[in-house]
Protein chains: 2
Amino acid sequence: MSASRTKPQGRPSATDHAAIERAAFALFEAQGFDETTMEQIADAVGVGRRTLFRYFPSKNDIPWGQFDESLRHFREQFDAVPDDVPLAETVHRCVIAFNDFDEASMPQHRVRMRLILTTPALQAHSALRYEAWRAVISEYVGRRLSMPADAPLPRLVGHVSLALAVASYERWLAHPDTRLTEVFAESMVELRAYLTSG
Amino acid sequence: MSASRTKPQGRPSATDHAAIERAAFALFEAQGFDETTMEQIADAVGVGRRTLFRYFPSKNDIPWGQFDESLRHFREQFDAVPDDVPLAETVHRCVIAFNDFDEASMPQHRVRMRLILTTPALQAHSALRYEAWRAVISEYVGRRLSMPADAPLPRLVGHVSLALAVASYERWLAHPDTRLTEVFAESMVELRAYLTSG
DNA sequence: TCCTTTTTGGCGCTCGGTGCCATAAAGTAT
DNA sequence: ATACTTTATGGCACCGAGCGCCAAAAAGGA
């Protein structure tokens, strides 16, 4: 009943998500994503191909790691913001907080995002992951405005927030000397200027 | 040298894009996209499976029809706008013009977009098509602002314009009685309100 | 030692997608 | 009519992702 270590039963796991990610990223870096087969990854990890599909539902999901957990954290960001903060300000803050990683993990994060944003197969697959990310925003906006999360405005805010985030990531990847959180802020400033300029 | 019918040479084509689209959409409607195999489509068209892949590079591309031609038209929209029209206004007008279809073709367009926007495999694939659409916008914005098309601002405008378009399509699909062009305008108004509200 | 639990991983299959190539079906020149 | 050229077809074999099935492995507990 406690949250600590539960006694493992049955056959122990032969690997874990982190080990698979490491082996996979090494191969992706060395020979490219498309050129790497699941069999090669399985061999590198020292596990059967079939087992790989139990840890990651698809090859495309490997670069995303444990995105579901990140989304849980994303939701908590929203819960932590007081209700008197303006809506757009809240969304902007939380999006930045979501992408405010430990400085030490930034290099790895850069590799991950470069892979996702430059590999066509992953660009395509990302749409499915982005959807869940947008849903977090839509749900919050819906709650704040007392309307369903799938109403036009909440969804619009989700889409535009994502657009801003992806554009920011592209900018961040192109300029190694920039900080992710600052790039987000700049993008927002530019968007407001674009929309309000004559 | 004239633009009219060129004398066909060699073996005549056994089918064309339109015929494949018709057969495919009928099957997609009847049994779903994922449940329809390329072999079934080939049989329905009365052509070999191999031939299908010469007309469409992938199954995912069939619902998009001849999107490349649409993009050519999209580019022409921008060329037709005088330079004294404000940038954001120009982009907004052209995006609306791009989606201003013949009233008679709207029902078919609805079917197509519903398929694309609700089928996971197609949602994913769309990212690749959207990229080319965004590029048209980025190139224009880059030209107007005398900067490369892949500079941050042009790309940001491309991403946000797409976000607005997709959100508008979702709204249009959910409300059969609305007009596509009007929905786009409403989304823009809501976006400005969202970003400028306190 | 047997039983239960859990994971592994091999096997076989489907389906999208591709390279290869012989062949069909047209026009054209002799 | 025959031969040549051009272009499209479509069969065949192959690859890789992904999945259902299931026997076997590897642990703990009785």
Side-chain angles (χ1 to χ4, degrees), chain A residues 4-21 23-24 27-28 30-64 115-116 119-129, chain B residues 4-21 23-24 27-28 30-64 115-116 119-129:
Chain A
S4 53
R5 289 278 162 267
T6 62
K7 356 175 175 180
Q9 207 171 3
R11 177 172 175 167
S13 303
T15 183
D16 55 71
H17 290 82
I20 295 174
E21 263 183 69
L27 287 167
F28 294 159
Q31 49 183 16
F33 181 82
D34 290 327
E35 290 70 29
T36 303
T37 70
M38 286 296 267
E39 195 170 17
Q40 289 177 328
I41 299 172
D43 289 346
V45 179
V47 86
R49 193 180 77 105
R50 189 65 182 81
T51 300
L52 237 51
F53 284 102
R54 290 216 178 79
Y55 285 83
F56 292 94
S58 78
K59 179 184 170 185
N60 288 331
D61 283 304
I62 296 178
W64 285 89
L115 187 66
I116 289 175
T119 306
L122 296 177
Q123 287 172 12
H125 182 74
S126 297
L128 305 179
R129 294 317 189 103
Chain B
S4 52
R5 290 276 163 270
T6 62
K7 358 178 178 181
Q9 207 171 1
R11 177 172 176 167
S13 304
T15 183
D16 55 71
H17 290 83
I20 295 174
E21 264 183 68
L27 287 166
F28 295 159
Q31 48 184 5
F33 181 82
D34 290 328
E35 290 69 28
T36 302
T37 70
M38 287 296 266
E39 195 170 16
Q40 289 177 325
I41 299 172
D43 289 348
V45 179
V47 87
R49 192 180 79 107
R50 191 63 183 81
T51 300
L52 236 52
F53 284 101
R54 290 214 178 79
Y55 284 84
F56 293 94
S58 78
K59 180 184 171 185
N60 288 332
D61 283 304
I62 296 179
W64 284 89
L115 187 66
I116 290 175
T119 306
L122 296 177
Q123 287 173 9
H125 182 74
S126 297
L128 306 179
R129 294 317 189 100

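Below, read A as the first sequence line, B as the second, and so on, with proteins coming before strands; counting in each chain starts at 1.
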Between [N] ([atom2]) and [X] ([atom1]): distance, integer Å:
X	N	atom1	atom2	value
B:Glu35	C:dC15	CD	P	11 Å
A:Lys59	C:dG17	NZ	C1'	14 Å
A:Ile20	C:dT7	CD1	P	13 Å
A:Asp34	C:dG17	CG	C1'	13 Å
B:Met38	D:dG10	CE	P	14 Å
A:His17	C:dT7	NE2	C1'	14 Å
B:Ile41	D:dG10	CD1	P	15 Å
A:Ile62	D:dA17	CD1	P	9 Å

Could you tell me whether the side chain of [X] and the main chain of [Y] form a donor-acceptor pair under 3.5 Å?
X	Y	value
A:Tyr55	A:Thr15	yes
A:Ser58	A:Asn60	yes
A:Thr37	A:Gln40	yes

Review point. So does A:Arg50 reach the base of C:dG12 with its side chain, donor to acceptor, closer than 3.5 Å?
Key: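 Result: no qualifying N/O pair found.
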
**Study point:** Nearest-nucleotide comparison on DNA chain D, the residue closer to the 5′ end among A:Glu39 and B:Tyr55
**Key:**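 That would be B:Tyr55.
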
Practice item. Quick one: label B:Thr51 by what it contacts on the DNA or RNA (base, sugar-phosphate, nothing), any heavy atom closer than 4.0 Å. Key: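 Here B:Thr51 touches the bases of the nucleic acid.
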
Review point. Relative to the 5' end of DNA chain C, which residue comes earlier, B:Gly10 or B:Arg49, by the nucleotide with the nearest heavy atom?
Key: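 The 5'-side residue here is B:Arg49.
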
Check your understanding: Which residue lies toward the 5' end of DNA chain C, A:Arg11 or B:Arg54, if each is placed at its nearest nucleotide?
Key ->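 Its nearest nucleotide being more 5', the pick is A:Arg11.
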
Point to revise | Out of D:dC21, C:dT18, D:dT9, whichever nucleotide has its closest atom nearest the side chain of B:Phe53 | key: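 Closest nucleotide among those given: C:dT18.
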
Review point. Are OP1 or OP2 of C:dC15 and a side-chain N or O of B:Thr37 less than 4.0 angstrom apart?
Key: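 No, no such contact exists.
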
Check your understanding: On the ring face of A:Phe53, is A:Lys59 found with NZ or CZ under 6.0 Å from the centre and within 45° of the axis?
Key ->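 Geometry flag: not set, cation outside 6.0 Å or 45°.
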
Exercise for review: Compare all side-chain heavy atoms of A:Phe56 with those of A:His17 and state whether any distance is below 4.5 angstrom.
Suggested key: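 Of all side-chain heavy-atom pairs linking A:His17 with A:Phe56, at least one is under 4.5 Å.
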
